[in-house]
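What follows is a single structure, written as structure tokens, with notes after it.
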Amino acid sequence: MENCARCRRPVAAQPEGQARGEGASVLLNREQRAYVQRVYDGPLCEACLQEIQKAVQPVTVRDLSNFLLDYATTLMGAGVHTSRVVRNVNRIAGSFGYETEMTIFQRHITLHILQNQDDSVRRTSLRAIPAAAFNFEIISNLSTLSWQAHDNRLTLYELREQFNAIVTRPRISRWWVLGLVSLANAAFCRLFGGDFWAMGLVCVATFVGFLIRQEMSLRRINHLAVFIVSAFVASMIASLGVWASLGDTPQTALGTSVLFLIPGVPLINSIIDLLEGYVLIGISRAVNALTLIICISLGLSATLLILGTYAL
Amino acid sequence: MTRELIYTLLGDAFFAAVAALGFAVISNPPKRAILISALLAAVGHALRFYLMTHTSLNLPTASFFAAFTIGMFSMLAAKLIHCPAEIFSFPSLLPMIPGMYAYKTILSLLRFMEAKTPQLQQQLVVDIFQNGLTSLFVMFALVIGVSLPLFLFHKQSFMMTRLLKPVGKVRQRKWGRHKDAR
């Protein structure tokens with residue numbers, strides 16, 4: 001008695017050919033057999049074979065276009081520069097014998113997809129890019145997936161399966177992130193010449209500020225408000241050093257306490273896009289990043305107003 | 001190189017690595033990439049520190065060379081662990097992002113509106129330009145420096161995540177572009 005390689009239920013002993021999808025009960029076509037051979041190395045039960053027969057179908061332009069839009073919008077939401085999205089989508093489409101043209105804006109992607117051999121098979125669709133937190137792991141894994149599609153000629157069903165597995169992977173625990181960001185900003189304070197008092201203050205200020213940012217983001221509060229409030233709270237805590245003149249460099253603590261909020265990755269992406277000719281989206285990203293920096297300054301200037309000082 | 005200089009550089013490298021590590025985990029990188037980006041940040045930031053204190057280079061130029069070094073090493077690392085190069089090169093740039101200059105620009109702008117005397121206004125205009133241009137130039141220097149290796153090795157740079165080696169004719173495109181069919 002062996003177990004089914006897919007659902008782990010016991011499966012009755014079958015003639016040799018069954019594992020390759022040649023069983024008498026369920027007839028699989030060539031693409032489906034290739035899929036079974038590539039993915040499973042044991043016998044499969046009849047129910048699973050039927051599911052595979054239903055799911056692994058010749059690709060239609062509609063399914064492919066929907067998948068590519070999911071792929072592209074997820075990638076854009078994960079914080080990648082535009083040319084990588086265009087290349088990866090083209091690569092996957094090419095492995096199915098299609099070519100694509102894309103228009104990418106800050107909030108939307110328009111994808112035009114066209115079969116190489118028959119230009120009457122084409123489709124144009126538009127999809128909004130969902131607001132998502134940056135996720136470099138998704139970028140890395142989805143790029144690998146696009147090469148696998150290219151090299152192994154994966155079926156759309158497999159692509160979907162792997163795509164879903166990639167996007168549902170858990171993030172690094174938020175408490176780890178909180179602790180590491182606090183240490184990072186303290187180290188950053190040191191790079192600006194802060195002493196140990198300043199580093200300690202910045203560590204506490206960042207801890208509280210970032211915690212507030214996490215909590216407010218979870219409650220889906222407007223992200224500009226989140227930035228103003230976290231910058232204000234973090235700088236208020238750091239300003240205790242100026243007020244009580246702790247150590248020799250309280251000003252440095254005040255100045256670096258808000259730097260954990262600086263949107264570094266959007267700034268880098270915006271300039272890469274500008275340099276690679278995606279000028280519109282480059283400018284949109286720069287404007288977004290600038291807006292966030294203005295919010296940080298507003299939060300900080302509120303603290304300075306309360307302290308009654310301009311010196312930083 | 002004196003011993004003090006080496007200690008200073010090592011200290012700078014260490015704190016830059018901690019900073020890069022913490023700022024990197026915000027964007028959830030793959031676990032195998034985190035340490036590499038910290039290492040690259042240490043090399044880059046220490047190099048920038050050395051160039052600024054011991055040569056006549058200014059902040060943007062030193063940032064450019066530091067970012068270029070990070071870019072070269074990130075290509076190597078990308079080849080080794082099959083990740084896109086920007087997965088570690090971007091986080092390792094984060095400690096060098098001119099965030100403080102950027103928000104000081106905005107703060108000076110805010111102060112300019114309430115400045116009463118022409119002397120103060122002049123001082124603030126200088127501040128605005130000084131900080132604003134510094135952050136602009138440093139940002140461009142960082143990004144051009146880090147992506148220069150990508151342009152130099154253009155073809156390789158997009159294949160870092162490929163797990164298979166391309167093998168001969170078998171894996172060639174089956175579907176060529178059929179321009180005649182249109």
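Labels below follow one simple rule: chain letters A, B, ... track the order of the sequence lines, proteins then strands, and each chain is numbered from 1.
The minimum heavy-atom distance linking A/S143 with B/P84 is given by the pair OG-CG, 4.0 Å. Closest heavy-atom contact between B/L110 and A/L298: CD1-CD2, 4.1 Å. What you find for A/V265 and B/L94 is that their closest heavy atoms are N-CD2, 4.0 Å. Nearest heavy-atom pair, B/F15 versus A/M199, reported as atom, atom and distance to 0.1 Å: CE2-CE, 3.8 Å. Closest approach of B/M139 and A/I271 over heavy atoms only: CB-CD1, 3.4 Å. Considering every non-hydrogen atom in both A/L275 and B/V143, the closest pair reads CD1-CG1, 4.2 Å.
Among B/A33, B/P98, B/G22, the residue with the largest count of heavy-atom pairs under 4.5 Å with chain A is B/G22. With chain B as the partner, the residue from A/P263, A/G264, A/A78 showing the most heavy-atom pairs under 4.5 Å is A/G264.
Under a 3.5 Å cut-off, the side chain of B/Y103 and the backbone N or O of A/G255 do form a donor-acceptor pair. At least one donor-acceptor pair under 3.5 Å links the side chain of B/N28 to the backbone N or O of A/I172.
Between B/F90 and A/F136, the ring planes lie perpendicular to each other; the angle is over 60°, past the 30° to 60° tilted range.
Residues A/S140 and B/R32 have side chains in contact (heavy-atom distance under 4.5 Å, counting atoms from C-beta outward). Between A/F210 and B/I26, the closest side-chain pair of non-hydrogen atoms falls below 4.5 Å. B/V25 is not listed as a side-chain neighbour of A/W176, based on a closest heavy-atom distance of 4.5 Å or more. A heavy-atom distance below 4.5 Å is found between the side chains of A/V80 and B/E86. For the pair A/F188 and B/V18, the minimum side-chain heavy-atom distance is 4.5 Å or more. B/H45 has its side chain within reach of A/L191: a pair of non-hydrogen atoms, C-beta onward, lies under 4.5 Å apart.
Looking at A/I262, only its side chain comes within 4.5 Å of chain B, counting heavy atoms on both sides. B/L21 touches chain A through its side chain: at least one heavy atom from C-beta onward sits under 4.5 Å away, while N, CA, C and O do not. Neither the backbone nor the side chain of B/A17 comes within contact range of chain A; no heavy atom of the residue lies under 4.5 Å from a heavy atom of that chain. The contact between A/T256 and chain B is made by backbone and side chain atoms together, counting heavy-atom distances below 4.5 Å. A/R171 touches chain B through backbone and side chain together, each having a heavy atom under 4.5 Å away. The contact between B/I34 and chain A is made entirely by side chain atoms (from C-beta outward), counting heavy-atom distances below 4.5 Å.
Interatomic distance, A/L300 CG to B/K104 NZ, rounded to the nearest 0.5 Å: 10.0 Å.
Within a 6.0 Å radius of CZ in B/F14, no more than 12 heavy atoms belonging to other residues, nucleotides or ligands are found. Environment of CD in B/Q130: sparse, with no more than 12 heavy atoms of neighbouring residues, nucleotides or ligands closer than 6.0 Å.
Ionic pairing of A/E137 and B/K31 is not present here: no N-O contact between side-chain nitrogen and carboxylate oxygen is shorter than 4.0 angstrom.
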*Check the pair A/I268 / B/I97 against side-chain contact (heavy atoms from CB on, under 4.5 Å), numbers first and verdict last.*
CA-CA 9 Å; A/I268 298 175; B/I97 297 277; 3.9 Å; yes

